[in-house]
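Reading through the structure tokens given below for one structure.
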There are 2 protein chains.
Amino acid sequence: MSFEITDILLEEIKVHVNNEQDATLLELFEDMHHADVAEILDEVNWDEAVYLVRLLDSETTSEALMELDEDVRERLLDSLTPKEIAEEVEEMDTDDAVDAIANLDEEIQEAVIEQIEDEEHKADIRELLQYDEDSAGGLMAKELIKVKETWTVAGCVREMRRQAEEVTRVHSIYVISKENVLLGRLSLKDLLTTSDTKTKIAEIYIPKVDSVHVDDDGEDVAKVMQKYDLEAIPVVDDENKLLGRITIDDIVDFIRDEAKEDYQLAAGITQEVEADDSIIQLTRARLPWLFLGLIGGVGAATIMGGFEDILKEYALLFFYTPLIAAMAGNVGVQSSAIIVQGLANDDVKGSISNRLLKEMLLAALNGLILGIVLFGFTAVWYGDFKAAMAISISLFVVIIMAGIIGTFIPLFLDKRGIDPAIATGPFITTSNDIFGILIYFWIAKLILF
Amino acid sequence: MSFEITDILLEEIKVHVNNEQDATLLELFEDMHHADVAEILDEVNWDEAVYLVRLLDSETTSEALMELDEDVRERLLDSLTPKEIAEEVEEMDTDDAVDAIANLDEEIQEAVIEQIEDEEHKADIRELLQYDEDSAGGLMAKELIKVKETWTVAGCVREMRRQAEEVTRVHSIYVISKENVLLGRLSLKDLLTTSDTKTKIAEIYIPKVDSVHVDDDGEDVAKVMQKYDLEAIPVVDDENKLLGRITIDDIVDFIRDEAKEDYQLAAGITQEVEADDSIIQLTRARLPWLFLGLIGGVGAATIMGGFEDILKEYALLFFYTPLIAAMAGNVGVQSSAIIVQGLANDDVKGSISNRLLKEMLLAALNGLILGIVLFGFTAVWYGDFKAAMAISISLFVVIIMAGIIGTFIPLFLDKRGIDPAIATGPFITTSNDIFGILIYFWIAKLILF
């Protein structure tokens, strides 16, 4: 399908780097796609990567740097001087430039900005650095093509040629007033199909254009762009003045990151980690949730200790605690996952009480089926009708409770403005384990004694 | 930010529909964005939705239909005649048209296709229906702009104007030979900035263009488009002939669906369901995993029954089974989630044995910390040094085992060509519960007796 980076190629590059064969290297990297350059930077060792970044022209490396994992990019930049970083940043679109330098030490960041030669680029980057990373302002780029409504088609094409130099991709052309107020858009297609070049832009532009406010949440921007299938959306301030634009590729990354975060939270991993992170990083992300599980387990053990008196007569009950805990956990995770996704996609409709009622019915149906199966098995296997009854009825009740908790917690968190995704995974499993075991022994005791 | 659908508006629409006030309705819906029309179709009742689809012009409703959930769309289409469906399909891009009719009964599908008036559209749809839904062929649309290398810029612009009528969005212009072999691309920007209209396309086009083969897997297409930040990619056959193109918006949906599927599998939900699906649908998606949990629980109970002889002396051990099971499950889910994501993003490098070794070290570190904490607590709380020792050492071993199983299973499934996402969630939790409890009692017995 496309270019493959082989071990042989990597070996060759390493040899050339170590022999400082710059001419050969430059030839090798000529015309290489920046995504492939990024892959190579990721595969060679540290010093080799720094050597390559210094050697290759910034046009190639600046784009390659943006393809790298954030932590790899940061470490690479740390090995460069502010002057060298500025050369890379000079080549980047403003939104990428800001992402690249956002996490540098403040002093270095300032030194880098100082070294940027293009004054407009410098000012744009300073402006973008002010916005919150997850807001529309933090996602937008300053590069866009804008034309004034008073221009003619010919003047517009001329001016666009100039602006297009700086803009990697032309999506829409925004039409503004003299005061930079966003009025509408002009599609390239329309511009192409207008044959009279003296036509005024005011006559052919589309006065309807979706926009987002600079302080809007990135997640909301993603939703609007997806809903209306937009490839770019302009960003405006309180006075509807055009500040920048957000393109779909930034949103794709945003969607992926969000999905990844939700998935990891559901699996009990707090920070964003990857398979190749260090053992210390991975431990830091995983241990807190395991501690939670440990506390839950000790809680469950304490509850069971409180029911020690029934141990002599009904040891069987104690054998079924892992089953009860597992079912409570599974049902809780299922219910919460459905709610969390529904909330993310904005399709949880109706009141909380309706939602809880539905989940209760659903859990009751599942609980009934599973309870009957378990009753059949335990009654036949142990020949103890009463104990089988106690275990199965408890299971039924525990499943209903687990479904309600699993539905309620994410809805509650969402109402309080907390990310409901935190409710899937260990949090719900642990609380359901404890509640499940408590209810189980209560009911069993009620039936058996 | 944009248009909001209020309850008042919905009520108004319902009244107009029930009074068959067509003129008022048409006025209300004039200029409304198709995504908003879709939202309204989703909110009103069935007959009202069908009424609206019949009333509004197909240009609006065809796009709105594509925004609806697949099952809602299918039910709506089922209420229309083949002739009416054909009118909607006529307005759709070929890729959407195929998605819309792919799941209709074969006879109805054929009847719909027969009614399509545009012969080219008809042939295109027939062609696309042959491809596998998840392949590049299944994702692509036939609408694209192609120009021949022998044309001049002026001829090209003229021809493009004609083609652009049919193409919603112009991304790239593809350059082909006389035999329809893909040669390269031409950006609109370049076309705009070429002032001499007599220049031949052959002189200005970019001979480098990424493409995918029609049989490539959709997931791979998504990866390439993301890696190279492409907004559209051409699809070719064995002879490099241009068949169609895939645009980024189709890939965004694909990425979201994939992420959703993985998330649901991790939460123990088999089929794609949503919060608003019926109780029966939800039960069908959830019950199989709960059954698995039930079997696991019965297995655990049976294992514990086998250790009944130590119950009299060390009841304590039995109180800690939920803790052991929970920790085994949590560690397993964490490990598998990291591997599953790594596999999905293609950044699991190195051999399986290295991966297992790393996970073992990681689990050992976590297990050591958690084991020491648990030992401290149980030794002080119960004053039974030996039992505390047995529980903590078992926890340590169980965590290591859980990490290994959680790492190995998804890697193994992936090697066998099975979606590794199935390994997160109930599958790993259940198997780790059973193994965990078994190991726990073995080790405890070894230490205590």
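These numbers were taken from a predicted model, which means no experiment stands behind them.
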Legend entry - Per-residue contact mode, A/I324 against chain B (heavy atom under 4.5 angstrom): neither
Inset, instruction - May I ask you to name which of B/T302, B/V298, B/L361, B/D277 has the most heavy-atom pairs under 4.5 Å with chain A? - result: B/V298
Legend entry - Pairwise distance CZ(B/F291) to CE(A/M327) - rounded to 0.5 angstrom: 8.5 Å
Inset, instruction - Flag the one option from B/I437, B/V373, B/T378 with the top tally of heavy-atom pairs under 4.5 Å to chain A. - result: B/V373
Legend entry - Contact summary for B/N330 and A/G293, nearest pair of heavy atoms: ND2-CA, 4.1 Å
Legend entry - Interface residue of largest heavy-atom contact number with chain B, from A/I280, A/T429, A/L365, under 4.5 Å: A/L365
Legend entry - Single hit among B/E67, B/H34, B/H33 for side chain to side chain contact (heavy atoms under 4.5 Å, CB included) with A/Y228: B/H33
Inset, instruction - Identify which of B/L287, B/V333, B/L290, B/T321 forms the greatest number of heavy-atom pairs closer than 4.5 Å to chain A. - result: B/L290
Inset, instruction - Might you work through the side chain to side chain contact (heavy atoms under 4.5 Å, CB included) test for A/L294 and B/F377, ending with a clear yes or no? - result: CA-CA 11 Å; A/L294 196 72; B/F377 171 78; over 6 Å; no
Legend entry - Atom pair CZ (B/F318) and CZ (A/F319), whose distance is rounded to the nearest 0.5 Å: 5.0 Å
Inset, instruction - For A/Q264 and B/Q334, test the side chains for any donor-to-acceptor distance below 3.5 angstrom and give the result as yes or no. - result: no
Inset, instruction - Search all heavy atoms of B/A301 against all heavy atoms of A/Y382 and return the closest pair with its distance. - result: CB-OH, 4.4 Å
Inset, instruction - Pick one of side chain, backbone, both or neither for A/L362, based on which atoms fall under 4.5 Å of a heavy atom in chain B. - result: both
Legend entry - Residue, of B/D433, B/V331, B/V340, that accumulates the most heavy atom pairs under 4.5 Å with chain A: B/V331
Inset, instruction - Quick one: closest heavy-atom pair of A/I279 and B/K358, and the distance? - result: CD1-O, 3.9 Å
Legend entry - salt_bridge(B/K312, A/E308) N-O dist < 4.0 Å: no
Legend entry - A/S335, part contacting chain B, at a heavy-atom distance under 4.5 Å: both
Legend entry - Separation between CG of B/L282 and CG of A/N366, rounded to the nearest 0.5 Å: 9.0 Å
Inset, instruction - Under 4.5 Å heavy-atom distance to chain A, tell me which part of B/L395 shows up: side chain, backbone, both or neither. - result: side chain
Inset, instruction - Look at B/G305, B/P426, B/G296 and state which one has the largest set of heavy-atom pairs under 4.5 Å with chain A. - result: B/G305
